[in-house]
Amino acid sequence: MDFISILSIFVMACFVGYYVVWSVTPALHTPLMAVTNAISSVIVVGALVASAAEGSAVSKWLGLGAVVLASVNIFGGFAVTERMLAMYKKKEKK
Amino acid sequence: MEHVASVPSWAMLAYLISGVLFILALRGLSSPATSRAGNRYGMIGMTIAMVTTLVTHGIASLPEIAGAIAIGGGVGFVTARKIKMTDMPQLVAAFHSLVGLAAVLVGLAAYLNPGAFGILGADGLIEPQSRVEMGLGIAIGAITFSGSIIAFLKLAGKMSGSPILLPGRHVLNLGTLIAILGLVAYFTQDQSQWVIATITVLSFLIGFLLIIPIGGADMPVVVSMLNSYSGWAAAAMGFTLHNTAMIITGALVGSSGAILSYIMCKAMNRGFLSVIAGGFGAEAAAGGGAAKEQRPWKRGSAEDAAYMMKEAENVIIIPGYGMAVSQAQHALREMGDVLKKEGVNVKYAIHPVAGRMPGHMNVLLAEANVPYDEVFELEDIQSEFSQADVAFIIGANDVVNPAAKTDKSSPIYGMPVFDVDKAKTIFFVKRSMGGVGYAGVDNDVFYMDQTMMLLADAKKMVEDIVKALAH
């Protein structure tokens, strides 16, 4: 992929993000932060590439370190979001 | 770019799908009813991205990688289970710092082993364009890391929440930022180690310097801003790796944090730059003390509050950070339940900047089993104060201060506030008369005819009211 196609995806995604986030209800802003935290750990993809590659031992260990950090975030972020969302309940109908 | 083309097209498709699933994850949050399904989409998207990467990059180091995921995942999962809901702001700050540090490590790994990332040019050097992306990714990641550490320490109370003002800090900060940008530009000409090392160190430093002058109650803006940065760091790495999942996610998270910062600033009627410049509240607290006059105010008791609220038709409860500090949300819900049984119409009113992060009060009330359809945002409930018999303010202060509407010289002038003065009776739960809100300004509501001050710890006071209601 050339730079322009990547840039196009990026710019479009910014617009999608803009509209999607404005539609998030303010009551769920804390879960929003927790889940964006979890998904921004998709940076783990880069960490996995570094960990799997041959050629530089230092690079590999840096990658493994990043895998640990990103995994804390992925598992922690999704789990804490799940926990919070489970608490939001509607009024019980009697 | 032959290396990049070697990523099979099914893998590119998989990354695209995981990007779309992340969009759906955020989309689900438009309503509590769809939010849990959204979170599941996010998990599926992450699984697809990770499995795709592992499959396409050989599985030579699989045991080590599995170990790393198990260690990190275990720590994350246990933390997420155990954390108290009132500690959520500092948890989110801590998580941000990890994303930031991970971005720095990935950037450095890519610098040391560019071949593996497919960013080697024909001349055996890293492509200049990739150097810019890498440099920016490392810089933003490092700022996110050190900034979030400071935010975490302030939110967790391990460091004073009051602004720390260094002399000449604006010049220092601006100079450091320019130096970082200059070095990133120079990096395209010279890929020596000292350049990348200096960028990293300076960025760690600027993250620290940027956050120390910002006070505790401005943390909602800071946490949102760092959220945004963690997204831009991921996006920059996505450019380096030509990975659509990372770019889409980075853009989503980046805009999400930016929008939240904007909402928070607007709710305080302050410019983003003024918040970031820091020092808010420090001047007002220093200068305002002398002019303070003694004005008469009335003290109420738990029995007064119980009696008035039992007789009321409409009660609006306004929680603030003080409720979180004293963990009063469960007692408050109990009070609401008793009142509802008495036929009172109970509603909760939440200001966008109440608490220490966006939506903080909503989560605490949800934790205490308050149904979310009894909880209202500022603009939805503002008109109801004129029909309210009782406004019950607990742990909030600046968000009900009428000076924001009338006093042009007030530091909070122009901030949207609740019209509590329109309610027939006001109960103001506060620890003592001495303290003022974060903005360091006196509040006219204390001295109004219809106001009764309930001076006690918030949780203790609400428990006493619940007891009094039982009689």
Side-chain angles (χ1 to χ4, degrees), chain A residues 1 6 9-10 13-14 16-18 20-21 23-30 32-33 35-37 39-43 45-53 55-56 58-59 62-82 84-85 87-91, chain B residues 22 26-27 29-30 32 35-36 39 42-43 49 53 57-58 61 65 68-69 71-73 75-77 79-80 92 95 98-99 101-103 105-106 108-109 112-113 116 227 230-231 234 237 241-242 244-249 251-253 255-256 259 358-359 362-363 366-367 371-373 377:
Chain A
M1 263 193 297
I6 295 180
I9 295 173
F10 176 70
C14 285
V16 172
Y18 179 85
V20 170
V21 172
S23 75
V24 172
T25 169
L28 293 176
H29 276 164
T30 297
L32 171 68
M33 300 198 87
V35 81
T36 49
N37 219 315
I39 66 173
S40 62
S41 305
V42 72
I43 201 149
V45 167
L48 290 173
V49 171
S51 313
S56 162
V58 183
S59 173
L62 287 174
L64 283 172
V67 172
V68 174
L69 297 176
S71 302
V72 173
N73 247 330
I74 293 170
F75 286 81
F78 282 124
V80 87
T81 309
E82 191 74 19
M84 278 191 277
L85 293 176
M87 298 186 313
Y88 283 83
K89 290 187 197 83
K90 258 188 134 112
K91 214 180 292 186
Chain B
F22 291 148
L26 299 198
R27 179 76 192 122
L29 291 172
S30 57
S35 58
R36 295 182 78 183
N39 200 34
M43 294 181 201
T53 314
H57 284 82
S61 329
I65 291 176
I69 295 176
I71 295 170
V75 171
F77 193 75
T79 317
V92 168
F95 277 171
L98 298 183
V99 182
L101 192 57
L105 296 184
V106 173
L108 293 177
L112 292 171
N113 196 0
N227 185 247
S230 67
M237 287 301 154
L241 269 81
H242 303 250
T244 35
M246 283 166 88
I247 291 172
I248 294 177
T249 316
L252 286 180
V253 178
S255 6
S256 164
I259 290 171
N362 302 79
V363 171
E367 185 202 10
Y372 61 81
D373 34 11
E377 307 301 321

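Sequence lines set the chain letters: A, B, ... in the order given, protein chains first and strands last, and positions in each chain run from 1. As a basis for the values below, the full set of heavy atoms in this structure was taken, side chains included, without hydrogen atoms, waters or symmetry mates.
When all heavy atoms of Phe10(A) and Ala251(B) are compared, the closest pair comes out as O-CB, 3.9 Å. Considering every non-hydrogen atom in both Ala79(A) and Ala80(B), the closest pair reads CB-CB, 3.6 Å. Considering all non-hydrogen atoms of both residues, Ala49(B) and Val42(A) come closest at CB-CG2, 4.2 Å. Considering every non-hydrogen atom in both Ser230(B) and Ser40(A), the closest pair reads OG-OG, 3.9 Å. Scanning all heavy atoms of the two residues, the minimum distance from Ala102(B) to Ile43(A) falls at CB-CG2, 4.1 Å. For His57(B) against Ala52(A), the heavy-atom pair with the smallest separation is O-CB, 3.5 Å.
Contacts of Val24(A) with chain B are made by both backbone and side-chain atoms, with heavy-atom separations under 4.5 Å. The parts of Met43(B) that come within reach of chain A are both its backbone and its side chain, each placing non-hydrogen atoms under 4.5 angstrom from that chain. At a 4.5 Å heavy-atom cutoff, the contact between Asn227(B) and chain A is made by side-chain atoms alone. Proximity to chain A involves both the backbone and the side chain of Glu367(B), based on heavy atoms less than 4.5 angstrom apart. Of the atoms belonging to Ile74(A), it is side-chain heavy atoms, and not backbone ones, that fall under 4.5 Å from chain B. With a threshold of 4.5 angstrom between heavy atoms, Ser256(B) approaches chain A through its backbone and through its side chain.
Per-residue counts of heavy-atom pairs under 4.5 Å with chain A were compared for Ala109(B), Ala116(B), Ala245(B); the largest is that of Ala109(B). Top candidate by heavy-atom pairs under 4.5 Å with chain A, chosen from Ile69(B), Leu112(B), Leu101(B), is Ile69(B). With respect to chain B, the highest number of heavy-atom pairs below 4.5 Å among Val67(A), Ile6(A), Val35(A), Val16(A) belongs to Ile6(A). Among Leu108(B), Val92(B), Leu105(B), Thr244(B), the residue with the largest count of heavy-atom pairs under 4.5 Å with chain A is Leu105(B). By number of non-hydrogen pairs under 4.5 angstrom with chain A, the leading residue of Ile71(B), Ile248(B), Thr79(B) is Ile248(B). Comparing Ile39(A), Leu69(A), Val80(A) by heavy-atom pairs within less than 4.5 Å of chain B, the highest count is held by Ile39(A). By number of non-hydrogen pairs under 4.5 angstrom with chain B, the leading residue of Ala70(A), Ala50(A), Ala27(A) is Ala27(A). When each of Cys14(A), Ser59(A), Ala13(A), Pro26(A) is scored by its heavy-atom pairs under 4.5 Å with chain B, the top score falls to Ser59(A). Contact tally against chain B (heavy-atom pairs below 4.5 Å) for Val68(A), Val58(A), Asn37(A): the top residue is Asn37(A). Annotation: maximal heavy-atom pairing with chain A below 4.5 Å, among Ser35(B), Gly231(B), Ala234(B), occurs at Ser35(B). Between chain B and the residues Val20(A), Val45(A), Ile9(A), the most heavy-atom pairs under 4.5 angstrom are made by Val45(A).
Between the CG atom of Asn362(B) and the CE atom of Met87(A) there is a distance of 10.5 Å, given to the nearest 0.5 Å. Distance CG/Leu29(B) to CG/Leu32(A): 6.0 Å, rounded to 0.5 Å. For the atom pair Leu28(A) CG and Leu26(B) CG, the distance stands at 11.5 Å (nearest 0.5 Å). One distance of note links CG of Leu252(B) with OG1 of Thr36(A); it measures 9.5 Å at 0.5 Å rounding. Separating the CD1 atom in Ile65(B) from the OG atom in Ser51(A) is a distance of 5.0 Å, to the nearest 0.5 Å. Put simply, OG on Ser41(A) and CG on Leu98(B) are 8.0 Å apart, with the number rounded to the nearest 0.5 Å.
Judged by distance alone, with hydrogens and angles left aside, the side-chain atoms of Thr30(A) form a donor-acceptor pair with the main-chain N or O of Pro358(B) at under 3.5 Å.
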Checklist entry - Run the side chain to side chain contact (heavy atoms under 4.5 Å, CB included) check on Val49(A) and Val106(B) step by step: do they pass? => result CA-CA 9 Å; Val49(A) 171; Val106(B) 173; over 6 Å; no

